[in-house]
Amino acid sequence: MNAMRGSLGWIEVVCGPMFSGKSEELIRRLRRAEIARQRVQIFKPAIDERYATNQIVSHDDGRIHAESVSNATEVQAKLDVRTEVIGIDEAQFLGEAMVDFVVRLADMGKRIVIAGLDTDYLGRPFHPMPELLAVADEITKTLAICMQCGNPAKHTQRLIASEDLIVVGAAGMYEARCRRCFEPNLAAVEIQKKKQMELITAVAR
Ligand code: ADP
Ligand code: ZN
């Protein structure tokens, strides 16, 4: 896709589980665009402020500047009309309106590079990633390495007790798992255990 010339816009999507190198890949592509002196703007969800508010930080400590936003309207408000390349990390947190928005940007001649989780902690499609994949010109699926057995990992295993769709966290709260080792019910089992412990403690008092 990088060989394309002129003002034709397009949408690239990088998706996969946590720890699969999505942010690294996003940073690599955007850095190259910056080296080539293209005008680049990068956005990330405001809820993901694990490491820095004004940077995307990969699990390997790769970094690039980024602006925090909550949805497509905020991206639009911060977007400079002269920007040629737009990077978006953790797109699964930015809402459905991103889909039409990035299509409009591509139609205007912009290159959009999007990274995001394709599935949630239960292995279900994480919206709006499926829709973004559908409108993309180019798709890259990244895999991690299963922390249990070393096979290619396509799942994000939640290790803590929570049934919320969004629990922002990194190592210790999540790990990469292959199809065979993925235990979608683990979070529910942990909640059950926690409740039982609370009950035992309450009875013991
Ligand atoms: P993502 O954006 O997909 O969560 P990152 O680009 O932030 O991934 O981080 C990728 C890095 O995470 C790898 O280069 C490696 O250093 C680290 N890492 C941690 N756990 C794993 C794993 N199970 N498999 C592969 N890489 C891992
Ligand atoms: Zn495994």
Side-chain angles (χ1 to χ4, degrees), residues 11-35 40-69 75 85-94 98 102 112-130 132-133 136 138-160 162 164-187 189-190:
I11 301 164
E12 297 163 38
V13 178
V14 180
C15 68
M18 276 179 76
F19 308 105
S20 64
K22 301 182 299 297
S23 298
E24 278 172 354
E25 181 58 18
L26 183 75
I27 293 168
R28 189 184 74 85
R29 292 185 193 185
L30 298 170
R31 187 144 287 144
R32 284 162 60 110
E34 287 187 336
I35 291 167
V40 179
Q41 261 187 291
I42 307 165
F43 300 96
K44 64 169 219 171
I47 58 163
D48 187 8
E49 296 193 333
R50 279 172 287 181
Y51 309 104
T53 49
N54 57 351
Q55 282 183 325
I56 290 170
V57 184
S58 75
H59 291 113
D60 203 22
D61 207 35
R63 285 162 193 264
I64 199 161
H65 61 92
E67 301 172 65
S68 287
V69 290
V75 178
V85 181
I86 298 150
I88 299 165
D89 200 15
E90 307 282 5
Q92 77 280 356
F93 294 150
L94 291 175
M98 283 304 294
V102 296
I112 302 106
V113 189
I114 301 168
L117 284 172
D118 49 2
T119 56
D120 66 14
Y121 77 106
L122 294 175
R124 303 171 302 191
F126 208 147
H127 294 281
M129 292 308 290
L132 288 168
L133 288 166
E138 192 209 41
I139 295 165
T140 305
K141 275 231 184 193
T142 48
L143 291 167
I145 297 169
C146 177
M147 294 294 279
Q148 299 281 305
C149 75
N151 272 307
K154 74 172 302 295
H155 285 294
T156 304
Q157 177 70 55
R158 183 176 285 179
L159 301 168
I160 52 144
S162 172
D164 297 337
L165 175 62
I166 301 174
V167 178
V168 177
M173 291 169 80
Y174 293 97
E175 70 180 24
R177 295 258 182 113
C178 74
R179 229 173 239 293
R180 204 183 302 149
C181 299
F182 180 49
E183 300 170 80
N185 291 325
L186 191 68
V189 171
E190 289 299 317

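Ligands are counted one by one from 1 in listed order, and the atoms in each one are counted from 1 as well. Index from 1, following the sequence.
Considering only heavy atoms from C-beta on, Leu159 comes within 4.5 Å of Arg177 through its side chain. In this structure, the side chains of Lys22 and Thr140 stay at 4.5 Å or more apart for every pair of heavy atoms. Side-chain contact between His65 and Ile42 is present, with heavy atoms from C-beta onward closer than 4.5 Å.
Atoms of ligand 1 lying under 4.0 Å from any heavy atom of Pro17, numbered from 1 in the order shown and given with element: 3 (O). Interface of Ala176 with ligand 1, defined as ligand atoms under 4.0 Å from a residue heavy atom, comprises 23 (N). With ligand atoms numbered from 1 in the order given, ligand 1 contributes 1 (P), 3 (O), 8 (O) to contacts under 4.0 Å with heavy atoms of Ser20. Counting atoms of ligand 1 from 1 in the listed order, those under 4.0 Å from a heavy atom of Met147 are 23 (N). Heavy-atom contacts of Ala144 reach the following atoms of ligand 1: 24 (N) (cutoff under 4.0 Å). Proximity to Glu24 (heavy-atom distance under 4.0 Å) selects the following atoms of ligand 1: 6 (O), 10 (C), 11 (C), 13 (C), 14 (O). Atoms of ligand 1 found under 4.0 Å from any heavy atom of Ile145, numbered from 1 in the order shown, are 22 (C), 23 (N), 24 (N), 25 (C). Here is the list of ligand 1 atoms found below 4.0 Å of a heavy atom in Met18: 4 (O).
From the protein, the heavy atom lying nearest to atom 19 (C) of ligand 1 is Phe19 CD2, 3.6 Å. Atom 17 (C) of ligand 1 has as its closest protein heavy atom His59 CB, 4.2 Å. The closest protein non-hydrogen atom to atom 3 (O) of ligand 1 is Lys22 NZ, 2.8 Å.
Inclusion of Ser58 in the set of residues having an N or O under 3.5 Å from an N or O of ligand 1 is not warranted.
With respect to the salt-bridge test (charged N to carboxylate O, under 4.0 angstrom), the residues Glu25 and Arg29 qualify.
The one candidate from Ile114, Ile88, Asp89 that meets the side-chain contact (heavy atoms from CB on, under 4.5 Å) condition with Leu94 is Ile88. Tested against Glu175 for a side chain to side chain donor-acceptor pair (under 3.5 Å), the candidates Gln148, Gln157, Arg158 yield a single pass: Gln148.
Considering every non-hydrogen atom in both Tyr121 and Asp164, the closest pair reads CE2-O, 3.7 Å. Taking both residues in full, the closest heavy atoms of Gly172 and Ile160 are given as O-CG2, 4.5 Å, listed atom of the first, atom of the second, then distance. Closest approach of Phe182 to Leu122, counting heavy atoms only: CZ-C, 3.8 Å. Pairing each heavy atom of Met129 with each of Gly116, the nearest pair is CE-CA, 3.6 Å.
Shown here, atom 13 (C) of ligand 1 is in close reach of the protein: a heavy atom of it lies under 4.0 Å off.
Checking side-chain atoms of Thr142 against main-chain N and O of Cys15 turns up a donor-acceptor pair under 3.5 Å. Of the possible donor and acceptor atoms, one in the side chain of Thr156 sits under 3.5 Å from a partner among the backbone N and O of Met18.
By the criterion of a separation under 2.8 Å, the protein N/O/S atoms near the Zn ion (ligand 2) amount to Cys146 SG, Cys149 SG, Cys178 SG, Cys181 SG.
The distance from atom SG of Cys178 to atom NZ of Lys154, rounded to the nearest 0.5 Å, is 11.0 Å.
For the ligand labelled ligand 1, residue Gly21 lies inside the 4.0 Å heavy-atom shell.
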